[in-house]
Structures are given as structure tokens and as C-alpha cells.
A.B. asks: 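I have a structure I would like to understand better, so I am pasting it below and will then ask my questions one at a time.
Sequential numbering from 1 along the given sequence is applied to the chain's residues.
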Amino acid sequence: MAAEMMAPAWMHEQITAEEYESWSEEQCAGIEIVDGMVVVSPSASKRHNRLARLLANALDAAAGPDWNADTDFDVRLQDVPLTNRRPDVTVYRADTIDITPTRPEHVLLVVEVVSPGSETTDRIVKVDQYAKAGIAFYWRIEQAATGVPLVYTYVLDPATKTFRNGDVYIGVVKVAAPFAVEIDLSQV
């Protein structure tokens, strides 16, 4: 007998911000909402998670007291239709740590670490969504086979609400002796 798996109804219907806010943290983990529809993301690899965590730690240390850098939480790009993205790393105003949802005006930088299966979304779709929301900086990190990351930076043109290409860095994220992390922020 073949086992059939039924997806919950909420995966096939457009949801509102109010409905989403009524869900538990467990229900919201590992999903994004795009134009009101639930998008389930596969679990990231250990390499992906490690790079995001190291980058968040380095950005947090470099940002000073006015900014925080964290991983794995929603950024509400728009309410209607609901669009929540969950960047791999988000740099946001420290004084908004208790404000939920995190909105684009709270955010300075979002970072996406590209994984197999997320290439098109991270390279095209999210770039446009983050720009339209008014987030000032977007970084896309490609994980090269050599282990040395490539960091593509984008800077918002506020007049057109589009990103212009910034610089590309090779090996910007460095891990030295145990737990020592260095990142070059001179071009941001």
C-alpha cells in the first residue's frame, strides 16, 4: 500500500499577515511567504549554515553598538500580499531588536548564501524584492568548490528602487585560529 502525503490547506491558499502572525515559531521555521503563498525551503547544508553564522558573527562585531547582525528570522517586505523573506544574515538597527516584524526600514544589509536549489531565487528574485522594499545593501555569497567564497555586493539606487552592482570579493570571509573571524568591510 502506497503512503500518500497530503499537504496542509494553508500551503495552497494565500494567507494574510494576521494569519501568519497567529502561527507558532515551529510552523514559521523553514518557510518564507511570497505574495501570500508559503514557500518551503529545504534544510541548508552544514557548510551553508556555518558560513552564514561566521559572517553574522563578523558583521555583528564590526557593526558597533547601533547595529546587530543575526541569522534566521523574518524580514517583512510587504503586508499585502504578504511577503516575508528569511535572509541568511540580516544587519538591522539595534534599537529595533524587540520590534516584530522586522521591516525594511530597520534593515541595512541582507545576505543570502547560495545553495544548490536556491540559485535563481537568490540571484534574481530576491535581488528585486529587497530593492523594491528599499533595503540599502544586498550581498550574495557563492560557495566555490575551492571553499573560498565569492561575495557579490549590491547597492540600492533609491531613485529607481533597483540595485546596482557593487564589487566582487574573493575570500573576504576568513577564518583564522579557532573562532577568530575577519571580514573586510572597507567597501561597504
A.B. asks: Quick one: does any side-chain atom of Asp88 pair with a main-chain N or O of Glu112 as donor and acceptor, under 3.5 Å?
C.D. replies: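 Here the side-chain-to-backbone pair does not exist.
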A.B. asks: Restricting to side-chain contact (heavy atoms from CB on, under 4.5 Å), what partner residues turn up for Asp70, sequence neighbours left out?
C.D. replies: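 With sequence neighbours excluded, Asp70 shows a side-chain contact (heavy atoms from CB on, under 4.5 Å) to Asn68, Phe73, Tyr92, given in chain and number order.
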A.B. asks: Would you find a donor on one side and an acceptor on the other, under 3.5 Å apart, between the side chain of Thr83 and the backbone of Asp35?
C.D. replies: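 Confirmed, Thr83 side chain pairs with Asp35 backbone.
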A.B. asks: Less than 4.0 Å between a side-chain N and a carboxylate O, is that true for Asp66 and Arg93?
C.D. replies: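 No, no charged N to carboxylate O under 4.0 Å.
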A.B. asks: Do Lys126 and Glu32 meet the salt-bridge criterion of a basic N to acidic O distance under 4.0 Å?
C.D. replies: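 Between Lys126 and Glu32 there is a salt bridge, with a charged N closer than 4.0 Å to a carboxylate O.
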A.B. asks: Keeping the roles fixed (side chain from Asp157, backbone from Ala159), state whether a donor-acceptor pair exists under 3.5 Å.
C.D. replies: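 It does hold such a pair.
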A.B. asks: If the condition is side-chain contact (heavy atoms from CB on, under 4.5 Å), which residues does Ser115 pass it with, not counting sequence neighbours?
C.D. replies: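 Counting only residues at least two positions away or on another chain, Ser115 forms a side-chain contact (heavy atoms from CB on, under 4.5 Å) with His48, Ser118, Gln143.
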A.B. asks: Are Val91 and Val155 connected in a single hydrophobic cluster, I mean Ile/Leu/Val/Met/Phe/Trp/Tyr linked by side-chain heavy atoms less than 4.5 Å apart?
C.D. replies: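 Same cluster: Val155 reaches Val91 through Ile, Leu, Val, Met, Phe, Trp or Tyr contacts under 4.5 Å.
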A.B. asks: Is there a donor-acceptor pair closer than 3.5 Å between any side-chain N or O of Ser24 and the backbone N or O of Gln27?
C.D. replies: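 Flag set: sc Ser24 to bb Gln27 pair under 3.5 Å.
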A.B. asks: Applying salt bridge (Lys or Arg N to Asp or Glu O under 4.0 Å) to Asp79 and Arg103, what does each step give before you reach the verdict?
C.D. replies: CA-CA 10 Å; Asp79 288 315; Arg103 302 242 179 223; 3.1 Å; yes
A.B. asks: Got a donor-acceptor contact below 3.5 angstrom from the Gln129 side chain to the Lys132 backbone?
C.D. replies: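 Judged by distance alone, no pair lies under 3.5 Å.
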A.B. asks: Can you list, by chain and residue number, the hydrophobic cluster partners of Val114 when the side-chain cut-off is 4.5 Å?
C.D. replies: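 Besides Val114, the cluster holds no residue at all.
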A.B. asks: Taking all heavy atoms of Arg76 and all of Ala17, pick out the closest pair and write down the distance.
C.D. replies: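 Looks like NH1-CB, 3.6 Å.
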A.B. asks: Apply side chain to side chain donor-acceptor pair (under 3.5 Å) to Tyr154 and Arg140, showing your working.
C.D. replies: CA-CA 8 Å; Tyr154 301 86; Arg140 186 184 82 238; 2.4 Å; yes
